[in-house]
Undergrad: 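Provided herewith is a single structure, encoded as structure tokens, for subsequent inquiry.
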Amino acid sequence: MAQVQIAKSVALQADSESVWTFISDFGAFAEWQPHIESVELQDGGRREVHFKRGDSILDEVVSRDDAARTYTYRIVPGQPGPLQEMAATFTVRDAAAGSEVEYAITVVVPDEMEHLAQAGIPADIDGALGQLAVKYNQR
């Protein structure tokens, strides 16, 4: 198994509290993550995420700190598919021009899929951060 870790950030022209309120809505990711078709919230803090590429996963928040403006979610273990593990963390920080959002994803995949993960994860992160930039950097 191969572990792939990718982290990227974007500077936004909005205060960190407003950005935090927006991105911490676990049920609203389809509004700003272009690779997500829809999200269905479920009991117990889980959600089913339907991707535009046709597949779905069940994931859940595993930690959240509103004061530090950070949370981590992961796929629920034991699902079919190549992802053995996946965890993603959002962190919103104050910055000179407003705020900065960091999006970090770690996955464990079969060795033969490592190159796909190294290409796909940055594309998903770039798409999400790009949509945040569109939303908050238009003045």
Undergrad: Between the side chain of Glu48 and the main-chain N/O of Ser56, is any donor-acceptor distance below 3.5 Å?
TA: no

Undergrad: So, Ser99 side chain and Ala14 main chain: donor-acceptor pair closer than 3.5 Å or not?
TA: yes

Undergrad: Of all the heavy-atom pairs spanning Val4 and Ala117, show the shortest one and how long it is.
TA: CG2-CB, 4.0 Å

Undergrad: Verify the cluster assignment for Val61 and Val19: are they in a single hydrophobic cluster under the rule of side-chain heavy atoms below 4.5 Å apart?
TA: yes

Undergrad: Are a donor atom and an acceptor atom from the side chains of Asp94 and Ser16 found within less than 3.5 Å of each other?
TA: yes

Undergrad: For Val107 and Met86, work out which heavy atoms get closest and say how close.
TA: CG1-CG, 3.5 Å

Undergrad: Excluding sequence neighbours, so at least two apart, what forms salt bridge (Lys or Arg N to Asp or Glu O under 4.0 Å) with Lys8?
TA: Asp126

Undergrad: What are the two closest non-hydrogen atoms of Ala30 and Glu37, and how far apart are they?
TA: CB-O, 3.8 Å

Undergrad: With sequence neighbours left out, write down each residue that passes side chain to side chain contact (heavy atoms under 4.5 Å, CB included) with Ser63, or none if nothing qualifies.
TA: Thr72

Undergrad: Can you name the nearest heavy-atom pair linking Gln3 to Thr106, along with the distance?
TA: NE2-CG2, 3.3 Å

Undergrad: Do Leu132 and Leu129 touch side chain to side chain, with heavy atoms closer than 4.5 Å?
TA: yes

Undergrad: Assess Arg64 against Phe26: is NZ or CZ under 6.0 Å from the centre of the six-membered ring, and within 45 degrees of the ring's axis?
TA: no

Undergrad: Atom CD1 in Ile57, atom CZ in Arg46: separation rounded to 0.5 Å?
TA: 12.0 Å

Undergrad: Taking all non-hydrogen atoms of both residues into account, name the closest pair between Gln131 and Pro34 and its distance.
TA: CG-CD, 3.8 Å

Undergrad: Quick check: is Leu41 connected to Leu58 through a chain of hydrophobic side chains (ILVMFWY, heavy atoms under 4.5 Å apart)?
TA: no

Undergrad: Any chain of hydrophobic side-chain contacts (each under 4.5 Å) joining Ile105 to Ile36?
TA: yes

Undergrad: What's the shortest heavy-atom distance between Leu12 and Asn137, and which atoms?
TA: CA-OD1, 3.2 Å

Undergrad: Decide yes or no for Arg74 and Glu60: does some side-chain heavy atom of the first lie under 4.5 Å from some side-chain heavy atom of the second?
TA: yes

Undergrad: Roughly how far, to the nearest 0.5 Å, is NE2 of His35 from NE2 of His50?
TA: 13.5 Å

Undergrad: Do the ring planes of Tyr73 and Phe29 sit parallel (below 30°), tilted (30 to 60°) or perpendicular (above 60°)?
TA: perpendicular

Undergrad: Are Phe51 and Leu116 grouped together when hydrophobic residues (ILVMFWY) are joined by side-chain heavy atoms under 4.5 angstrom apart?
TA: yes

Undergrad: Are any non-hydrogen side-chain atoms of Val10 and Tyr103 less than 4.5 angstrom apart?
TA: no

Undergrad: Nearest 0.5 Å, what's the OG1-CD1 distance between Thr91 and Ile23?
TA: 8.0 Å

Undergrad: From Trp20 CH2 over to Asp15 CG, what is the distance, rounded to the nearest 0.5 angstrom?
TA: 14.0 Å

Undergrad: How long is the straight-line distance from CD1 of Ile125 back to OG of Ser9, given to the nearest 0.5 Å?
TA: 10.5 Å

Undergrad: Please tell me whether Phe90 and Trp32 form a close aromatic pair, meaning their ring centres lie under 6.0 Å apart.
TA: yes

Undergrad: Do the non-hydrogen side-chain atoms of Thr70 and Val92 ever get within less than 4.5 Å of each other?
TA: no

Undergrad: Quick check: is Met113 connected to Leu83 through a chain of hydrophobic side chains (ILVMFWY, heavy atoms under 4.5 Å apart)?
TA: yes

